[in-house]
Amino acid sequence: MTGTRAGAPESSGANGGAGGGDVPVLEASRAGFSYRGGRPVLEDVSVSVTAGRNVALVGESGAGKTTLLRLLLGLARPSTGRILFDGAELAPRDRAFRRAVQPVFQDPYSSLDPRQRVGRIVSEPLRSLGLPAAGSRAARRAEAAERAAEALESVGLPADAARRYPHEFSGGQRQRIAIARAVVCGPRVLLADEPVSALDVSTRVRVVELLAELGRSRGLTLVVVSHDLSVVAALCPEAVVVESGRVVESGPTERVLGSPAHPYTRRLVESVPRLSRAARLR
Amino acid sequence: MTLLRADDLSVRHPDGHDLVRGLSFAVEAGARLGLVGESGSGKSLTALAVMGLLPAGMTAAGGVVLGGTQVVGASGRTLDRVRGRSASMVFQEPLTALDPLMRVGRQVAGPIRRRRGLRGGALRAAVMDALSEVRLPERVAGAYPHEISGGQRQRVAIAMALACEPELLIADEPTTALDVTVQAEVLTLLDGLVAGRGMALLFISHDLAVVADVADRIVVLKEGSAVESGRTRDVVREPRHPYTRSLVDSAWALEGELDRLAP
């Protein structure tokens, strides 16, 4: 049930639980954002993320997709409107929030520290969240290493990956490392900003499959920023189309992309280069 | 007439290993050839070798005959006679291809002045013609590259490449840096211009769907070597090499999801 909504629902904050019921896990309610003295980057944007329903934020460069993602991550505060986590106003420093909502960035070449071993990179969220909380220092460290190994395994990387450095891996493998880091603390929502657009096509297909699989096996809900409508169609049952800082259309992806109501969405769908329409294949 | 013939072309890195190996292909007058491959397959190096523009340290071996001139090992003066006239090039990233400190009009004027020897009012008029040909308004001439959009910048780069009236246009991922709607506009423009002038086109892209829309024949590159070539239709419909097949399958797999929702 993603969608533009007029008002902010004042529902009671049913906390926790992967089920989530009807309360959105994450929600932007009439959110706006502008840099000081600038014109608004986002205006009156309402998006809600329900557990189990992956959401795509679709639009072109400069539309405000990444800014919206930053608001949902608590990396920026909305100038107007609100961001809600489990029905309550988002507190960016709240550990429960940081644990539940994790980011994956676009460029796996710049989002991994080249001087740290992969094991340390992947377990970083555990350290910053103070997990695991109990036990001796050595026991905690062993537990963190074990969870990092499990996360690496879940993204299909070999066990010895933890001891190696990012430069030893290909682009697709690096993006898997970034995904392992995001899932290591057991989040409920992954916010992924163009997670596959830096990858070659065959790698892209495999990373999309991995994201879909992790969504199912770990009960993760994905919020994906993408300009690639094929990726959107493959991963997200819900889509929100953003143009110049405003939501122009949203709802089930099947309807938004299949029978777009807004001219901008129609143009976007029409413009995608497709083999099925390629002039030289006819 | 063959405009461009690459014959057993190799490009060697200073450390001694070959980044392009034994590549042969030809482009006839008015024909359209696509080079397809993933990152690191040697697509761009091939284009640069054709123009004699390889980065310092890289060396080409084998033969590249462009407009009747052997490019490999040619002097700067010899290359100046074929660059622009026989072939000109549009690069991937228009922001780095244009001079940030020079107004667009002056940049477009450069190649026109050199090629056609125009001055003053006639040159100004030719610049305006060149801009209108790529559907840019006159005011763009007075703007700096950072003041216009990415799509407009790529149109400027195309106008500059066409100003020399080349027989062959080499386009290296010309729409990869652009948004999808802008990409569609620029591809349509490019298609019309190439057809209208009867130019030949060497089109380089990682995107099979884009190449299949533009090029009649394709060469599939993998790690510097051609693994398959032929008519675009045949290669995409019935790929013979396993690598081509995986490329085509991946493209269909992703697109299939979209085709399912929005046929």
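Throughout, protein chains are lettered first and strands after them, A, B, ... in sequence-line order, and every chain is numbered starting at 1. What you are looking at is a predicted structure, and each value in this text was computed from that prediction instead of being measured. As a basis for the values below, the full set of heavy atoms in this structure was taken, side chains included, without hydrogen atoms, waters or symmetry mates.
Legend: salt bridge (Lys or Arg N to Asp or Glu O under 4.0 Å) pairs involving residues 213-223 of chain A, not counting sequence neighbours, sorted by first then second residue: Glu150(A)-Arg218(A), Glu213(A)-Arg216(A).
No side-chain N or O of Thr175(B) forms a donor-acceptor pair with one of Gln154(B) less than 3.5 Å apart. Of the N and O atoms on the side chains of Tyr144(B) and Gln107(B), not one donor lies less than 3.5 Å from an acceptor on the other residue. In the model, Ser41(B) has no side-chain atom that pairs as donor or acceptor with a side-chain atom of Glu223(B) under 3.5 Å. Counted by atom type alone, Ser44(B) and Asp172(B) present one or more donor-acceptor pairs between their side chains at under 3.5 Å. The closest side-chain donor-acceptor pair between Glu38(B) and His206(B), if any, does not fall under 3.5 angstrom.
For chain B, the option among Glu254(A), Arg206(A), His227(A) with the highest count of heavy-atom pairs below 4.5 Å is Glu254(A). Comparing Gly171(A), Ser276(A), Gly258(A) by how many heavy-atom pairs each has under 4.5 Å with chain B, the most go to Ser276(A). Ranked by heavy-atom pairs shorter than 4.5 Å toward chain B, the options Arg282(A), Arg255(A), Arg267(A), Arg274(A) are led by Arg274(A). Ranked by non-hydrogen atom pairs under 4.5 Å with chain B, the options Val205(A), Val232(A), Leu235(A) are led by Val205(A).
Residues of residues 254-263 of chain B that come closer than 4.5 Å to chain A, counting heavy atoms only, are Leu254(B), Glu255(B), Glu257(B), Leu258(B), Asp259(B), Arg260(B), Leu261(B), Ala262(B), Pro263(B), ordered by residue number. Proximity to chain A at a heavy-atom threshold of 4.5 Å picks out Thr181(B), Val182(B), Gln183(B), Ala184(B), Glu185(B), Asp191(B) from residues 181-203 of chain B, in numerical order. The interface of residues 235-246 of chain B with chain A, defined by heavy-atom distances below 4.5 Å, comprises Val236(B), Arg237(B).
Contact record, Leu73(A) with Pro103(A): CD1-CB, 3.6 Å, taken as the closest heavy-atom pair. Val208(A) and Ala234(A) get closest at one heavy-atom pair: CG1-CB, 4.0 Å. The two residues Val269(A) and Pro260(A) make their nearest non-hydrogen contact at CG2-CG, 4.5 Å. The minimum heavy-atom distance between Asp207(B) and Pro273(A), with the atom names listed, is OD2-CG, 4.2 Å. Heavy-atom minimum distance, Val224(A) versus Pro195(A): CG1-CD, 3.8 Å.
One finds the CG atom of Leu54(B) at 11.5 Å from the NE2 atom of His13(B) (value rounded to the nearest 0.5 Å).
Remark: Arg164(A) qualifies as a cation-pi partner of Phe169(A) under the 6.0 Å distance and 45° angle criteria applied to the six-membered ring.
Contact of Ser259(A) with chain B is not made at all, since no heavy-atom distance falls under 4.5 Å. In this structure, the portion of Arg204(A) lying under 4.5 Å from any heavy atom of chain B is its side chain and not its backbone. Of the atoms belonging to Arg32(B), it is side-chain heavy atoms, and not backbone ones, that fall under 4.5 Å from chain A. At a 4.5 Å heavy-atom cutoff, the contact between Val201(A) and chain B is made by backbone and side-chain atoms alike.
Around atom CD of Glu153(A), no more than 12 heavy atoms belonging to other residues, nucleotides or ligands sit under 6.0 Å away. The local environment of CZ in Arg5(B) is sparse, with at most 12 non-hydrogen atoms from other residues, nucleotides or ligands closer than 6.0 Å.
Between Asp18(B) and Arg12(B) a salt bridge is recorded (basic side-chain N to carboxylate O distance below 4.0 Å).
Leu191(A) places a side-chain heavy atom less than 4.5 Å from the side chain of Leu26(A).
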